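Please read the structure below before turning to the comments.
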Amino acid sequence: MSILYLLIPLSLTLLGLAVWAFFWAVKHDQFEDLEGPAHRILFDEDENDLSAEERQRRRETASGATARRDDDTEH
């Protein structure tokens, strides 16, 4: 019976922490987009996620690889 004097306040404290964590998460928009990450894993790197410099570098690399491939097929 004496253990209840320890367990009841401990459980109420843990419940209070869980409620606080839930409201903190809601306040900081942790539940804003629940479906986005699930859909995002289905696609490879999206060009919209890259910076402008990285997009330009990727285009230059792709055009250089295409030019080299065309040169190899002409011989």
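Since we're looking at a predicted model, the values are computed, not measured.
From S51, atom OG reaches atom CD of Q56 across 11.0 Å, with rounding to the nearest 0.5 Å.
For F31, the CZ atom sits in a packed shell: over 12 heavy atoms of surrounding residues, nucleotides or ligands are nearer than 6.0 Å.
At least one donor-acceptor pair closer than 3.5 Å links the side chain of D33 to the backbone N or O of G36.
Follow the hydrophobic side-chain contacts under 4.5 Å out from I8 and you reach M1 in the same cluster.
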Please tabulate, for side-chain N and O atoms in residues 13-20, each donor-acceptor pair with protein atoms closer than 3.5 Å (sequence neighbours left out).
from: T13; atom 1: OG1; to: P9; atom 2: O; distance (Å): 2.7

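Residues T61 and R58 form no side-chain contact, since every pair of their non-hydrogen atoms from C-beta on lies 4.5 Å or further apart.
In this structure E54 satisfies the side-chain hydrogen bond (donor to acceptor under 3.5 Å, both in side chains) test with no other residue, sequence neighbours excluded.
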